[in-house]
> 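Sharing a structure here in structure tokens format.
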Amino acid sequence: MLFARSAHAALCGVLFLFAAAVQAQTAKLPNVTILATGGTIAGTGATSTTTVGYTAATVGVQSLIAAVPEITKVANVTGEQVFQIASENISDAQWLQLAKRVNLLLAQSSVDGIVITHGTDTLEETAYFLNLVVKSRKPVVVVGSMRPSTALSADGPINLYNAVRLAGTPEAAGRGVLVAMNDQIHAARDVTKANTTTADTFRTTELGMIGYIQGGKPFFYRDVTRNHTVDTEFDLAKLDTLPQVDVAYAYANVGDVAVNALVAAGAKGLVHAGVGNGSLPAKTKPALVAARAKGVIVVRASRVGQGIVARNGEANDDQLDFVVADTLSPQKARILLMLALTKTTSTKEIQRMFYTY
Ligand code: DGL
């Protein structure tokens with residue numbers, strides 16, 4: 001009887017010590033919330049070699065987490081399915097929903113970082129939008145994949161593991177929203193999807209990515225220079241909708257149909273994706289001038305992909321009262337103009353914003 005009691009006491013002691021050790025280990029791990037939105041990382045294909053022609057946005061967040069048990073060794077992870085879509089379909093309302101959820105979570109001391117799983121088609125746009133409206137210095141990492149979860153050498157699991165590691169790393173704080181794909185770390189402002197299907201699609205071509213993730217550990221080599229997150233003037237708290245801003249694409253022999261149609265459809269802002277240094281084709285320019293006269297804000301961007309669109313370069317922006325996009329792609333210039341229009345319609349103020357963010 002005495003032996004049984006002492007054995008029981010010893011067992012209780014061991015279990016207590018084990019529980020204490022687990023608790024201590026867990027207490028040391030960062031708390032990372034995964035917000036899932038869909039995309040290929042949550043996609044499934046008919047066979048293991050189906051890398052195109054699969055269905056995006058079919059796997060739920062708990063399954064994504066369960067598929068990478070290694071995650072639980074490096075972070076205390078919780079998952080939320082914010083919505084489940086192919087990202088070409090993301091709406092302004094879903095951007096606002098996601099951003100407000102991020103801000104609510106990061107305001108909690110119990111949350112150390114956030115990972116957002118997302119389709120890659122508009123991943124760069126969501127990342128830049130969040131870069132302008134998240135009000136925390138804590139890491140926010142946007143991640144996707146180029147192969148569905150069912151594919152041979154699916155890139156989703158390792159991308160997700162790396163993203164969680166990055167979101168749980170204090171050194172990732174204060175750098176704005178980050179994109180972690182293919183062992184690389186990119187800043188939200190300048191990264192773009194540069195290939196339709198390959199795993200190395202996310203590139204920051206000339207301005208450069210900011211680091212690598214190797215063996216699950218982030219290594220940073222440069223930082224961002226433009227304002228972001230807590231250092232922007234945009235506040236979502238009072239926003240339930242975003243102004244309509246559209247993009248008109250330039251090409252050889254383009255006319256004014258698209259510009260006129262977008263203005264007629266109610267655009268409050270127009271981004272012109274010009275050829276070269278943001279050049280205005282002669283057949284398009286009058287429509288843009290007329291749009292400006294109606295109070296539409298016109299931003300000259302370029303379809304080229306790299307470089308600065310020079311103010312008063314290919315057009316007299318001072319005289320036309322246009323804004324130039326600096327180095328922002330047309331799709332990102334649209335996002336900044338949307339948010340700018342929630343604050344002002346002064347082209348002087350909006351141009352300042354394009355040189356600040
Ligand atoms: N439909 C695309 C999307 O959700 C699939 C591409 C991907 O996620 O990689 O963005």
Side-chain angles (χ1 to χ4, degrees), residues 34-65 67-68 79-99 101-102 114-131 140-164 166-167 177-186 188-205 209 213 247 305 329-332 334-335:
I34 298 175
L35 300 179
T37 72
T40 295
I41 195 168
T44 47
T47 73
S48 63
T49 53
T50 305
T51 54
V52 290
Y54 52 81
T55 306
T58 59
V59 178
V61 65
Q62 298 309 335
S63 301
L64 293 178
I65 296 170
V68 192
E80 294 182 13
Q81 192 75 45
V82 186
F83 38 80
Q84 182 76 286
I85 62 165
S87 77
E88 63 269 29
N89 300 322
I90 200 159
S91 66
D92 292 355
Q94 286 166 325
W95 267 355
L96 290 167
Q97 176 192 356
L98 177 62
R101 186 62 185 150
V102 167
I114 285 182
V115 167
I116 296 168
T117 60
H118 195 288
T120 60
D121 287 0
T122 59
L123 190 148
E124 68 202 68
E125 294 178 58
T126 299
Y128 186 51
F129 175 71
L130 294 172
N131 198 52
V140 175
V141 181
V142 190
V143 65
S145 76
M146 293 304 289
R147 300 179 189 125
S149 62
T150 46
L152 277 177
S153 303
D155 52 332
I158 189 63
N159 283 350
L160 182 59
Y161 175 79
N162 282 345
V164 168
L166 183 59
V177 172
L178 301 173
V179 172
M181 291 278 291
N182 195 41
D183 298 340
Q184 298 180 350
I185 305 171
H186 296 265
R189 182 184 186 278
D190 304 312
V191 68
T192 190
K193 183 173 183 177
N195 185 288
T196 56
T197 56
T198 56
D200 65 347
T201 183
F202 280 93
R203 316 264 175 86
T204 307
T205 314
M209 64 185 184
I213 300 174
V247 179
S329 63
Q331 58 269 31
K332 289 185 179 177
R334 170 179 173 267
I335 295 164

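Order of listing sets the numbers, starting from 1, for every ligand and every atom in it.
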> Considering the options T55, T58, T150, which one meets the side-chain hydrogen bond (donor to acceptor under 3.5 Å, both in side chains) requirement together with T44?
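When side-chain hydrogen bond (donor to acceptor under 3.5 Å, both in side chains) is applied between T44 and each of T55, T58, T150, only T58 qualifies.
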
> Between T50 and T47, is any side-chain donor less than 3.5 angstrom from a side-chain acceptor?
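Yes, a side-chain donor-acceptor pair sits under 3.5 Å.
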
> Quick one: are R334 and Q331 in side-chain contact, heavy atoms under 4.5 Å?
no

> Ignoring hydrogens, what is the shortest heavy-atom contact between R147 and D155? Give both atom names and the distance.
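What the structure gives for the nearest pair is N-OD1, 2.9 Å.
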
> Quick one: are T204 and E124 in side-chain contact, heavy atoms under 4.5 Å?
no

> To the nearest 0.5 angstrom, please state how far the CG atom of N182 sits from the CZ atom of R203.
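Separation between the atoms: 9.0 Å.
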
> List, pair by pair, the atoms of ligand 1 and of the protein that are both N or O and lie under 3.5 Å apart, giving the separation rounded to 0.1 Å.
unit_1	atom_1	unit_2	atom_2	d
ligand 1	1 (N)	E88	OE1	2.7
ligand 1	1 (N)	E88	OE2	3.4
ligand 1	4 (O)	S87	N	2.8
ligand 1	8 (O)	T40	N	2.8
ligand 1	8 (O)	T40	OG1	2.9
ligand 1	8 (O)	T120	N	2.9
ligand 1	9 (O)	T40	OG1	2.9
ligand 1	9 (O)	T120	OG1	2.5
ligand 1	9 (O)	S145	O	2.8
ligand 1	10 (O)	S87	OG	2.5
ligand 1	10 (O)	T120	N	3.2
ligand 1	10 (O)	D121	N	2.9

